[in-house]
Structure formats: structure tokens, C-alpha cells
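In this text the structure is predicted, and so the values were computed from the model without any measurement. Counting convention: from 1, in listed order, for ligands and their atoms alike.
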Amino acid sequence: MITAQVSEPNHFLLTGATGLLGRYLMKDLTLAGVPLAVHVRPNRRFSAQERIEAIFGYWDQQLGKVLPRPVVLAGQLGEEALGMEPGDIRWAAENCTSVIHNAASLSFVSTGRDSEPYTSNVDGTRNVLRFCQEAGIYNFHHVSTAYVCGLRSGLVLETELKEGQVYGNPYEESKVEAEEMTRSADFLKSHTVYRPSIIVGDSETGFTNTFHGFYAAVQLIYTMNNHSSIEKQYTGHSDFYPGRVTLDGSEGKNLVPVNWVSEVMSHIISNSEHHGQTYHLTPRNPVLVRTILAVMQSAAKMFGSQLAGKDIDTGTATEIEEFFYEHIRVYDSYWRNDPTFDSTNTRKAAPHLPCPHIDYEQLLFLAKQAIKMNFSWRDKLVKRDKNKELVANS
Ligand SMILES: NC(=O)c1ccc[n+]([C@@H]2O[C@H](COP(=O)([O-])OP(=O)(O)OC[C@H]3O[C@@H](n4cnc5c(N)ncnc54)[C@H](OP(=O)(O)O)[C@@H]3O)[C@@H](O)[C@H]2O)c1
């Protein structure tokens, strides 16, 4: 049992700080003056502390000033007391009043309940809740997903969770279980849920450090265009691949830039009058599939795809169509029209922060930035001299 000996505790403990959303939350919450501690696992290249230092090095360079660093607590979500050292456990119990539970596995495939995404999302969330209860941390901010609605269609409300929906993949199911668990944690005094839809890169810089979903599709056709041997056998043109897409183009997908999601969350987190609600972090208007396809073709310079509707006879699939669908199968559940996400709570809490509209130009910019990054990102330690001036990447 961890005993809290509290003088003036005020830190927020953030999990998943090294991920795409987590690194924006660290920056925005720090800029908003929120005292932060972060729970981080080491990786093969860096210790927990170095991982956070590398991310802050990036932010220092972007902002042209040195930001204050959060307290780093090394650990693993899957272990008892989140795998933290006894001294760190004591520190958290004495200094943290809130948790922002953002860490999750985004794996859409699973080999069973004792593997991802269930271990991080369900067991991990259970461990975080147990840690909060034992450490006396009673304010909980939980990052869920708009797709807890599974394969529902029509209007989805922020107040709804389990409505008899069918899940599109194990990730959705694991996030429903996690959200449900946090809702039924009676010891919490305040429980706030954030449900972003599909997060893409920064609308201003194009930055992303992960390349799921939209990016995975861009990467696939970009790679096909550059390496495929299938190409010229059809037309003799290296950038023309006739292929039928099994959608009609009028379907909408709810893409949201990471900087906006983080900005809205940081506003809600740092204003306690907004706590205790569920927030759909979704755009005013979804992007149409025909726009997404046009962007992909233009960014990857691979033309010829046609929107053929979902009723085409798959028995007649060409070699190139089979190749594409084989590699994109993991996203089958997203190959549909999204439901309409009601975002009344979000618009009320943050009327001054409308979601930037993702149009053709914006999406093309994001796709081109990802191509420029070669669909990969490695954090680097940034050297600082004695006067804490920024020097250069190592
Ligand atoms: N990306 C989206 O489109 C999207 C949409 C809706 C909701 N969300 C939700 O938003 C949150 C953040 O997602 P993201 O896009 O930022 O994901 P991400 O880039 O993949 O980051 C995931 C973070 O969780 C950490 N993590 C995962 N499993 C862990 C474990 N077992 N122990 C400790 N840390 C663990 C990762 O640590 P490492 O760096 O050590 O791997 C990383 O910091 C998640 O809750 C996700 O479900 C994401």
C-alpha cells in the first residue's frame, strides 16, 4: 500500500508521453504552466529520462526557447505499481493529484486476450487505476477514442458508450473495456474522457512520429509506385495503375490534426470547470474519401484508381488490387462511412478552438511531409551548452 503524505501536491501524471499525442500534450501543458510528471518506459536507444530530453530538445528548437522539464518516472504499465522504483512511487503519491492516462497500444490485430492491444489497454488501465487508488490520486483524465462506437452508423453522442455495437477490431473493443473500467472506478472524484477520432500530423508543420491509418495507405501506394514490378505491364506508364477502390467516394472520415487535439485537451485539463465530461475531439466536417484518394494519388504520383463502390466482384480482382488489399487489410474496419460524432461538450468547453478544416491542400501537405520524412522518425538528443543555449542535434 502506497501512503500519500501530501503537502501541496499539484502535479499531473501523464502516461504515453513519448507517443504522438503525448509529446504535444507535454509541450502544451508545460506552456500552460501545468506541473507535469511523466511515466515513461526506456527503449533500446535511450533511458526514460533521455527519451523525454530528446522530445523536449525538439520542442526547444521549434519554439526557440528552453522549456521547463517534467519529472520523469521510469516504469512499465504492465507491472505492479506501474513498474516504478519505490522512491518514485512515494514521490508520485506525495505530489500528484491527477493522472492523464494517454498510453495505449494502437494495434488493430491481436492473437488473444493475453496479448496486445488488450495487455496495454485493458490490463494497463487496470494497473493505472489501482495505482491511483493506492496513491490517493482521485482526478482522472482518460484518453479513449471516438471509435469506441465500433461499427455504429448515424449519430453517436458523447454520453453513449455501450449501445450493443459490433466492434471493428480488437483495439476498439479494448478501448471500450478500458473506458468502462475508468467509469466504474468509484474512488475517483472526477473522471474526464477524451475521444479523438483519427489523429493525423500537425496542421502547421506536418510533423508526425507515427504512420498509421491514412499514412499507412499513402506509404503503401508510394512504395508500390517506387518499387513495384507490376506497374508497366498494364499501360507502359510508371505512374498509372488502374485499380478499383471498393468505396464510392462519398464516405466521410474524421481526421483531426494532433496539435488541435492537444490544444483542446490542454485547455480542458487546465480549467477544472470543464472536468467530469466526455469530449468527442472530432472535426466539424469529415473529409470525403474521394478527397483522400485524390491526395494519395497526387502525393504518391500514382494515378488511375477508380472509386467503384463496395459491390464489385472481388473474384475479378487484378494482381495489383489483390496486392493493395492484402497490405491494407488491417484497416478493413475503417473502409466505410464514419458515423456522425456529436461534439456538443467540446464545442461548449472550447468554442475558441475550432478544429482546423482538413481539405485537399492540407491533407496533401501532411502526405508530402510524411514522404519527406520517409515515413519514419527517430528522436535525437539535442546538445545544450552550459548556458542552456540550444546547440545542435547530436
Ligand atoms: N492515433 C490516433 O489516431 C488515435 C485516435 C483516437 C484515440 N487515440 C488514443 O490517443 C492516445 C495516444 O495515441 P497516440 O496516437 O499518441 O499513440 P502512439 O503514438 O502509438 O503512442 C502510444 C504511447 O503509449 C505508450 N505505451 C503503449 N503501451 C505501453 C505500455 N505497455 N507501457 C507503457 N507505455 C506504453 C507508448 O510508449 P512507447 O513510446 O514506449 O512505445 C507511447 O508513449 C491513445 O490512448 C490512443 O488510443 C489515438
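Residue G22 has no N or O atom closer than 3.5 Å to an N or O atom of ligand 1. For S120, a nitrogen or oxygen atom sits less than 3.5 Å from a nitrogen or oxygen atom of ligand 1, counting backbone and side chain alike. On a distance-only criterion, N102 and ligand 1 share at least one N/O pair closer than 3.5 Å. The shortest N or O to N or O distance between S105 and ligand 1 is not under 3.5 Å. For ligand 1, the polar-atom distance check finds no N/O of A146 at less than 3.5 Å from any of the ligand's N/O atoms. Residue R51 places at least one N or O, backbone or side chain, under 3.5 Å from an N or O of ligand 1. Taking only nitrogen or oxygen atoms, main chain and side chain alike, I199 reaches within less than 3.5 Å of ligand 1. Polar contact with ligand 1: present for K175 (N/O pair, distance under 3.5 Å). In terms of polar-atom proximity, Y171 is counted as a contact of ligand 1, with an N or O under 3.5 Å from an N or O of the ligand. Not a single N or O atom of G78, backbone or side chain, sits closer than 3.5 Å to an N or O atom of ligand 1.
In H39, neither the side chain nor the backbone holds a heavy atom less than 4.0 Å from any atom of ligand 1. Contacts between L20 and ligand 1, counted as non-hydrogen atom pairs separated by less than 4.0 Å, involve both the backbone and the side chain.
Considering every non-hydrogen atom in both L381 and E50, the closest pair reads CD2-O, 3.6 Å.
Which of Q76, R23, R41 comes nearest to atom 30 (C) of ligand 1 through a heavy atom is settled by distance: it is R41. The heavy atom nearest to atom 7 (C) of ligand 1, considering only G75, A178, S144, is found in S144.
The pair R90-E94 fails the salt-bridge criterion, with no side-chain N (NZ, NE, NH1 or NH2) lying under 4.0 Å from an Asp/Glu carboxylate O. Salt-bridge formation is not detected for the pair R290/E251: no Lys NZ or Arg NE/NH1/NH2 atom is positioned less than 4.0 Å from an Asp or Glu carboxylate oxygen. Under a 4.0 Å N-O distance rule, the pair R69/E53 qualifies as a salt bridge.
In summary, the atoms of ligand 1 found under 4.0 Å from a heavy atom of T145, numbered by their order in the structure, are 6 (C), 7 (C). Every atom of ligand 1 is numbered from 1 in the order shown, and the set under 4.0 Å from a heavy atom of G19 is 16 (O), 18 (P), 19 (O), 21 (O), 42 (C), 43 (O).
Assignment of P196 to the shell around ligand 1 is supported, since a heavy atom sits closer than 4.0 Å. Contact annotation: N43 has no heavy atom less than 4.0 Å from any atom of ligand 1.
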Practice task
Show your reasoning for whether side-chain contact (heavy atoms from CB on, under 4.5 Å) applies to R336 and L151.
Solution key: CA-CA 9 Å; R336 63 190 284 268; L151 300 180; 3.9 Å; yes
Handout entry: Chi angles and distances behind the side-chain contact (heavy atoms from CB on, under 4.5 Å) call for H39, L14
Key = CA-CA 6 Å; H39 176 267; L14 171 70; over 6 Å; no
Exercise for the section: Show your working on side-chain hydrogen bond (donor to acceptor under 3.5 Å, both in side chains) between T15 and H101 and close with a plain yes or no. Expected result: CA-CA 5 Å; T15 68; H101 181 38; 2.9 Å; yes
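In the hydrophobic clustering (ILVMFWY side chains linked at under 4.5 Å, chained through shared members), L155 is joined by L157.
Residues D202 and Y24 bring a donor and an acceptor atom of their side chains to less than 3.5 Å of each other.
In this view, E173 and R113, Y118, Y167, E177 satisfy the side-chain contact (heavy atoms from CB on, under 4.5 Å) rule, not counting sequence neighbours.
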